Amino acid sequence: MSLLIGTWNVNSIKMRREHVEKLLQEKSIDILALQETKVETEKFPNLIFKKLGYEVYHYGGKGRNGVAILSKFKAEDIINGFKGLKEEDQFPDVKERIIGIKISSEKIKELWIFSIYIPNGSPVNSDYYFYKLQFLWKFREFLETNFSRNFSLILMGDFNVAPEEIDVYDSEIWRENICFTERERKAFKILLDFGLVDALRLKYSNKSGIFTWWDYQFSAFNKNQGMRLDHILITESLVNKLQNIWVEKSARGWKKPSDHAPVLAEFNF
DNA sequence: ATGACTGGAGTTTCCAGA
């Protein structure tokens, strides 16, 4: 069976609700991870998506952050935040940044799917910056506590890190910019070393100019001056099931768009 | 005009985003 999944930082579900509906229906998406819903848990438009046939798993706070998963499969288990870590490691906004569900079906056996929103961390070297680095390290610890590399895991979301030089439009200009500093890229690599593969690079190993975010300013989208910050990370057991993966760039060109485009991936189970 | 950011909070202007 074919499974179409995706991730999208929508920059407010209130502003982008119709965009999400359009994407779900036009592409017949099975599971969509959302970030920056920017609404409190109970104010998410659950009913709208339930009418379209999706289960809704969301946690959010007032005004910022917020992660959701819209799924045609019912969750057998849910993780929200850094499950299993000590009390002092429960960062104040971690529940608004990490949500995961376990699904199973006749063909799919115990697949965990996460929606992730890593802190932005700007400006570089600020308290926020070091919070971001800590968050990335702690996230690796969270994975080790709950899973192993032998699990079937799909971690998707806005990681706020452009991993390689080809993931920014001009690596010299962006060298010391937030999302592309050495320390952020190193922390991202350490995360991958858990046993994760950057799914887009399985299909487009050396292609430059593939971005998922473009600044609202400076006509950045028209000039394709962006960064690849949104990722679908998978464990080894899913690698040979990946059929296709792409950035749905068209959505960045819709009226009143999010500054991120969705990343979609098709698996065959 | 030859350039121009957006969303949310909460009150007219600031903060955060990347």
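Fair warning: this is a prediction, and the values are worked out from it, not measured in the lab. All values below were derived from every heavy atom in this structure, side-chain atoms included, with hydrogens, water molecules and symmetry-related copies excluded.
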Over all strands shown, is [X] touching base, sugar-phosphate only, or nothing at heavy-atom distances under 4.0 angstrom?
| X | answer |
| --- | --- |
| A:Asn65 | nothing |
| A:Tyr128 | sugar-phosphate |
| A:Asn11 | sugar-phosphate |
| A:Asp158 | sugar-phosphate |
| A:Tyr117 | sugar-phosphate |

The side chain of [X] is closest to which nucleotide in this list: [options]?
| X | options | result |
| --- | --- | --- |
| A:Lys14 | B:dG8, B:dT6, B:dA18 | B:dG8 |
| A:Lys256 | B:dG17, B:dA16, B:dG7 | B:dG7 |
| A:Met15 | B:dG7, B:dA18, B:dG17 | B:dG7 |

Would you call the rings of [X] and [Y] parallel, tilted or perpendicular if under 30° counts as parallel and over 60° as perpendicular?
| X | Y | result |
| --- | --- | --- |
| A:Trp214 | A:Phe221 | perpendicular |
| A:Trp174 | A:Trp213 | perpendicular |
| A:Phe159 | A:Phe139 | perpendicular |
| A:Tyr131 | A:Phe135 | perpendicular |

What is the distance, rounded to the nearest whole Å, between atom [atom1] of [X] and atom [atom2] of [N]?
| X | N | atom1 | atom2 | value |
| --- | --- | --- | --- | --- |
| A:Trp213 | B:dC5 | CH2 | P | 13 Å |
| A:Leu229 | B:dA18 | CG | P | 8 Å |
| A:Asp93 | B:dA16 | CG | P | 13 Å |
| A:Gln217 | B:dG7 | CD | P | 13 Å |
| A:Asp259 | B:dG7 | CG | C1' | 10 Å |
| A:Lys43 | B:dG8 | NZ | P | 12 Å |
| A:Tyr216 | B:dG7 | OH | P | 5 Å |
| A:Phe218 | B:dA18 | CZ | P | 15 Å |

Can you check the distance between [N] and [M], where both ends of the measurement are the [atom1] atom (answer in whole Å)?
| N | M | atom1 | result |
| --- | --- | --- | --- |
| B:dT6 | B:dA18 | C1' | 12 Å |
| B:dT11 | B:dC15 | P | 14 Å |
| B:dA4 | B:dG8 | P | 24 Å |

Distance below 4.0 Å between [X] side-chain N/O and [N] OP1 or OP2:
| X | N | value |
| --- | --- | --- |
| A:Asn120 | B:dA18 | yes |
| A:Asn9 | B:dG17 | no |
| A:Arg16 | B:dT6 | no |
| A:Ser12 | B:dG8 | yes |
| A:His260 | B:dG17 | no |

Practice task
Specify the residue among A:Ser219 and A:Pro257 whose closest nucleotide of DNA chain B lies further upstream toward the 5′ end.
Solution key: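 Nearer the 5' end of the strand: A:Ser219.
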Practice task
Starting from the 5' end of DNA chain B, give me the residue, A:Met227 or A:Lys38, whose nearest nucleotide shows up first.
Solution key: A:Lys38
Practice task
Establish, from distance only, whether the side-chain atoms of A:Lys132 and A:Asn120 form a donor-acceptor pair under 3.5 Å.
Solution key: no
Handout entry: Qualifying residue, where the test is ring-ring contact (aromatic ring centres under 6.0 Å, His included) with A:Trp112 and the options are A:Phe147, A:Phe73, A:Phe151
Key = A:Phe147
